[in-house]
Amino acid sequence: MYSRKILPKKALGQHFLKDAGVARRIAATLAGHRTLPVLEVGPGTGMLTRCLLDEGYDLTVVEIDRESVEYLHRHFPQLSGRILADDFLRMDPATLYPGTPFCLIGNYPYHISSQIFFKALDCREQVVCCAGMVQKEVAERLAAGPGGRTCGIISALIQPWYEVEYLFTVGAEAFDPPPRVQSAVIRMTRNGRQTLDCDEELYRRVVKTSFNQRRKTLRNSLKPLLGKDFPKYALPVFDLRPEQLPIEQFIELTQLTEQWLTDNG
């Protein structure tokens, strides 16, 4: 499936997967969701696409690169009508499957992978599983638990809604051209949470404000949001740094913040 006739474009962050064994392992990450439709983001020259079709998935692909779209039309006639020449970040994937759960998968462009996951988060009521290849450091941040130095904004925003698994590492030799970084495959599976029990937009603000000064304790990092006169800075939670907090404590912190802002609005 790999074709050297299409030159990877640096501006699009293209590193075409050429290792069929790795592609099969990525496709296998969706084994628990065989009955659901699948949207592949950035199929490129179709190495992963072929594996997904071989496994019988109900597949649609979205690709921004015109040359890749033409290649896919030539080599995957069975996908006629399901090759979308579009920018995934500008489309509403939920409209492809109105009211129906679906899965996302891909060898994601590394420079926009975080944006892809946040878009999946926006569609979380339908995106049951989101899996694929990302830069190793991004995978580590996504899967990080509290206390680790890789824990950050993306883990605190994604993990309330998804169970995140770091599945395996992939070397640069699996791609053309080889990236200068290591890669990894992750899987995000929707959990049963339906509400945060706090204002979701405020939760995002608390998380982002906390990590903007991650070396400081929460007592200091949250002052831009809470002000210097917040009466509960003596609570033990404010002695911690943001990476030390589990999700439930971030929710409690948001509840405290919401009450304070409401009382002093």
Side-chain angles (χ1 to χ4, degrees), residues 13 88-90 104 108-124 127 130 132 134-166 179-184 186 188 190-191 193 195-265:
F88 175 74
L89 295 180
R90 293 180 178 273
L104 283 178
Y108 302 116
Y110 292 172
H111 65 299
I112 61 168
S113 61
S114 294
Q115 296 175 64
I116 290 171
F117 296 129
F118 286 132
K119 196 168 186 71
L121 182 62
D122 289 340
C123 301
R124 62 181 178 269
V127 178
C130 177
V134 295
Q135 186 175 334
K136 183 175 184 288
E137 286 78 6
V138 173
E140 290 172 340
R141 291 201 295 271
L142 277 164
R149 63 181 181 83
T150 55
C151 183
I153 291 174
I154 194 168
S155 52
L157 294 182
I158 295 290
Q159 289 181 20
W161 310 102
Y162 287 91
E163 301 294 334
V164 184
E165 302 168 89
Y166 183 113
R180 295 181 180 179
V181 297
Q182 281 191 301
S183 305
I186 60 101
M188 297 167 26
R190 185 73 168 88
N191 61 27
R193 189 190 295 270
T195 177
L196 283 184
D197 295 322
C198 66
D199 182 276
E200 188 175 336
E201 183 55 41
L202 183 58
Y203 176 88
R204 292 192 185 112
R205 286 179 62 195
V206 168
V207 167
K208 291 178 179 179
T209 304
S210 298
F211 281 103
N212 279 343
Q213 302 183 71
R214 63 180 301 143
R215 292 190 175 186
K216 294 185 177 181
T217 64
L218 292 164
R219 184 175 294 109
N220 292 307
S221 64
L222 282 175
K223 280 184 179 176
L225 185 57
L226 293 171
K228 59 183 177 60
D229 297 323
F230 181 63
K232 297 188 178 181
Y233 279 135
L235 291 173
V237 66
F238 290 98
D239 293 328
L240 302 176
R241 292 184 173 85
E243 67 269 17
Q244 295 176 283
L245 264 66
I247 298 301
E248 297 307 320
Q249 276 196 287
F250 263 121
I251 292 173
E252 292 170 6
L253 198 58
T254 303
Q255 291 168 342
L256 286 174
T257 302
E258 186 172 9
Q259 185 63 53
W260 173 249
L261 293 179
T262 299
D263 293 345
N264 294 272

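Atoms OG and CD, from S114 and Q135 in turn, are 9.0 Å apart once rounded to the nearest 0.5 Å. A distance of 14.0 Å separates CG of N220 from NZ of K228, quoted to the nearest 0.5 Å. Atoms CZ and CD1, on F88 and I116 in that order, are 6.5 Å from each other to the nearest 0.5 Å. For the atom pair CD (E163) and CZ (R190), the distance works out to 10.5 Å, reported to the nearest 0.5 Å. Once rounded to the nearest 0.5 Å, the distance linking CD of Q249 with CD of Q255 reads 12.0 Å. Annotation: the span from S155 atom OG to I247 atom CD1 amounts to 6.5 Å, rounded to 0.5 Å.
A salt bridge is defined here as a Lys NZ or Arg NE, NH1 or NH2 lying under 4.0 Å from an Asp or Glu carboxylate O, and R205 with E201 fails to meet this definition. A salt bridge is absent between E243 and R141; no separation between the charged side-chain nitrogens and carboxylate oxygens falls under 4.0 Å. Using a 4.0 Å cut-off between charged nitrogen and carboxylate oxygen, R193 and E248 count as a salt-bridge pair.
Pairing each heavy atom of L202 with each of D199, the nearest pair is N-OD1, 2.7 Å. Nearest heavy atom pair, residue G227 against residue Y233, reads O-OH, 2.5 Å. Across all non-hydrogen atoms, the minimal contact from K208 to L157 is CE-CD1, 4.2 Å. Closest heavy-atom contact between V207 and F250: CG2-CD2, 4.0 Å.
Inter-residue side-chain proximity for T257 and Y203 is flagged as unmet; no heavy-atom pair is nearer than 4.5 Å. Within the 4.5 Å cutoff, the side chain of I154 has no heavy atoms near those of the Q159 side chain. In this structure, the side chains of L142 and I186 come closer than 4.5 Å at one or more pairs of heavy atoms. Y108 places a side-chain heavy atom less than 4.5 Å from the side chain of F117.
Separation of the F230 and F238 ring centroids falls under the 6.0 Å cut-off.
Checking Y110 against S183 by side-chain atom types alone, a donor-acceptor pair falls below 3.5 Å.
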Give the intermediate values and the outcome of salt bridge (charged side-chain N to carboxylate O under 4.0 Å, His left out) for residues E252 and K232. CA-CA 13 Å; E252 292 170 6; K232 297 188 178 181; over 6 Å; no
